[in-house]
Amino acid sequence: MRISSRRLGVYAVALAFAIVVNFILPRLMPGSPVDAMVAQLGPRATPAAVEAIKARFGAVDQPMLWQFVDYLKGLVTLDLGVSVKYYPQTVVQVLGRSTLWTIFLVTTAIVFSLCVGVVLGAVSAWRRGGRFDTIVSPLSVIMISVPPVIVALTTLFVFAVSLRWFPVGYAYDPNLDPAFNFTFIGSVFAHAILPVLTLSPFLIGEFQTTMRSSMISVLGEDYVTMGRAKGLSHLTVMFGYGARNAMLPVLTNLALMLGAVFGGSIVTEIVFNYPGLGLTLYTASIARDYPVIQGQLLLMTLATLGANFLVDIIYGFVDPRLREAA
């Protein structure tokens with residue numbers, strides 16, 4: 001699948017803009033990593049100690065242009081600085097631990113929601129105006145409208161605190177040592193159920209609504225009528241002829257929703273004390289850990305751009321007509 005040079009140019013401009021904003025934004029905030037470290041030292045902050053901290057965190061009193069050059073050098077060498085809260089760990093080490101948990105959580109929620117939402121949307125369109133459609137479609141609108149924080153607090157209180165069906169928080173049982181065995185893996189999935197269910201209602205509602213609208217227009221095409229005339233089963237026509245060709249708008253919506261998904265994961269991880277990027281961003285903000293904040297914002301931007309790029313590639317396999325258009 002070829003990607004047009006125009007599309008690649010759009011991604012390059014978006015990445016350059018994100019890099020510049022990511023550099024400027026933390027520097028517009030009050031204080032600096034040096035100020036935070038000096039405040040932690042208290043009376044131990046001797047002039048020699050302050051100079052050592054400046055040398056370790058970068059000379060923040062340099063001209064902005066030189067700071068930007070050092071920042072670009074750090075991006076090329078994956079040197080995003082040192083964490084204030086988790087000193088002497090680097091930002092790459094801190095984010096490396098959190099990224100894996102967020103990827104697992106977000107990917108699981110998207111795959112689950114995509115399967116459920118596409119099936120519900122296809123069946124709703126196939127039975128348009130029927131009892132199934134009149135129940136599922138309004139319910140999808142409600143799921144889209146409810147903020148993730150409300151869903152998170154509700155599921156936490158009902159299923160973890162009141163009923164005690166699931167763990168209250170964290171990614172696995174703290175009494176277990178990470179290992180590749182059924183006990184540890186089962187604990188990981190048990191702790192992920194509520195966070196995934198928190199992220200899923202919004203996604204399921206979006207996928208169902210988009211799939212239903214796209215499917216309705218597809219069902220009027222000639223190839224669907226031909227499939228029915230051949231005497232094919234309803235499931236074959238519905239999914240083999242209709243749903244397959246109605247998936248493009250769903251993939252487009254998925255690419256556009258990635259920012260909202262990451263935003264919802266931040267709230268979810270904070271509520272469930274899940275050790276992903278959301279909880280790391282929250283603790284870094286409380287501790288004024290600007291290097292971690294800066295690194296995480298850049299990482300989330302790269303993840304969003306990368307996912308959109310991947311969707312562009314998948315488009316060519318879903319709709320072969322786009323291969324020539326690229």
Side-chain angles (χ1 to χ4, degrees), residues 36 40 80 82-113 143 146-204 258-300 303-304:
Q40 290 182 10
L80 302 180
V82 181
S83 170
V84 175
K85 178 176 177 57
Y86 302 100
Y87 183 86
Q89 297 183 44
T90 64
V91 173
V92 174
Q93 291 174 329
V94 173
L95 296 183
R97 294 194 307 267
S98 306
T99 300
L100 296 178
W101 291 114
T102 295
I103 290 176
F104 169 70
L105 184 63
V106 171
T107 302
T108 304
I110 289 177
V111 172
F112 171 73
S113 302
M143 291 191 295
V146 179
V149 64
I150 302 298
V151 180
L153 293 175
T154 302
T155 54
L156 177 65
F157 177 76
V158 174
F159 297 106
V161 177
S162 298
L163 299 177
R164 298 184 180 181
W165 288 355
F166 300 100
V168 176
Y170 203 59
Y172 56 87
D173 189 346
N175 297 320
L176 296 177
D177 294 326
F180 191 74
N181 53 50
F182 288 107
T183 301
F184 178 75
I185 295 175
S187 179
V188 169
F189 277 96
H191 283 73
I193 289 177
L194 289 186
V196 168
L197 292 180
T198 298
L199 291 174
S200 296
F202 169 78
L203 293 172
I204 292 174
L258 288 175
V261 173
F262 280 120
S265 69
I266 292 176
V267 174
T268 301
E269 291 174 3
I270 294 174
V271 172
F272 290 97
N273 196 32
Y274 199 83
L277 291 174
L279 185 62
T280 300
L281 180 62
Y282 173 73
T283 55
S285 301
I286 297 298
R288 296 162 60 95
D289 195 344
Y290 298 144
V292 171
I293 297 174
Q294 181 173 281
Q296 179 159 337
L297 293 177
L298 180 62
L299 179 62
M300 295 178 69
T304 303

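Positions are given from 1, in the same order as the sequence printed here.
- Partners of P148 under the side-chain contact (heavy atoms from CB on, under 4.5 Å) rule, at least two apart in sequence or in another chain, do not exist in this structure.
- Nearest approach of L80 to G295, heavy atoms of both residues: CD1-CA, 4.2 Å.
- Residues satisfying the side-chain contact (heavy atoms from CB on, under 4.5 Å) criterion with Q89, sequence neighbours excluded, are Y86, Q93, V94, R97.
- Qualifying side chain to side chain donor-acceptor pair (under 3.5 Å) partners for S200, counting only residues two or more places apart in sequence or in other chains: S113.
- Side chains of V146 and F202 form no contact here, defined as non-hydrogen atoms less than 4.5 Å apart.
- Residues P201 and V151 approach most closely at CG-CG1, 4.2 Å, considering heavy atoms.
- T155 meets the side chain to side chain donor-acceptor pair (under 3.5 Å) test with T198; sequence neighbours excluded.
- Between the side chain of S187 and the backbone N or O of D173 there is at least one donor-acceptor pair closer than 3.5 Å.
- Summarising the geometry, atom CD1 belonging to I193 is positioned 4.5 Å from atom CZ belonging to F166; distances are rounded to the nearest 0.5 Å.
- Residues meeting the side-chain contact (heavy atoms from CB on, under 4.5 Å) test with V188, sequence neighbours left out: W101, F104, Y172, F184.
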For residues 258-268, which side-chain N or O atoms pair as donor and acceptor with protein atoms under 3.5 Å away, sequence neighbours left out?
unit_1: S265; atom_1: OG; unit_2: F262; atom_2: O; d: 2.6
unit_1: T268; atom_1: OG1; unit_2: G264; atom_2: O; d: 2.8

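- Residue pairs that meet the side-chain hydrogen bond (donor to acceptor under 3.5 Å, both in side chains) test with at least one member in residues 156-171, sequence neighbours left out, do not exist here.
- For L100, the side-chain contact (heavy atoms from CB on, under 4.5 Å) test picks out no residue, with sequence neighbours left out.
- Atoms CZ and CG, on F159 and L197 in that order, are 7.5 Å from each other to the nearest 0.5 Å.
- The shortest non-hydrogen separation linking L95 to T99 is O-OG1, 2.6 Å.
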Which atom pairs, one a donor and one an acceptor, fall under 3.5 Å between side chains of residues 270-284 and the rest of the protein, sequence neighbours left out?
unit_1: T280; atom_1: OG1; unit_2: S98; atom_2: OG; d: 2.5
unit_1: T280; atom_1: OG1; unit_2: G276; atom_2: O; d: 2.9
unit_1: T283; atom_1: OG1; unit_2: L279; atom_2: O; d: 3.1
unit_1: T283; atom_1: OG1; unit_2: T280; atom_2: O; d: 3.0

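- Summarising the geometry, atom CZ belonging to F112 is positioned 11.5 Å from atom CG belonging to L199; distances are rounded to the nearest 0.5 Å.
- Take Q296 and apply the side chain to side chain donor-acceptor pair (under 3.5 Å) test, not counting sequence neighbours, and it matches no residue.
- Note that CD1 of I103 is 11.0 Å distant from OG1 of T108, once rounded to the nearest 0.5 Å.
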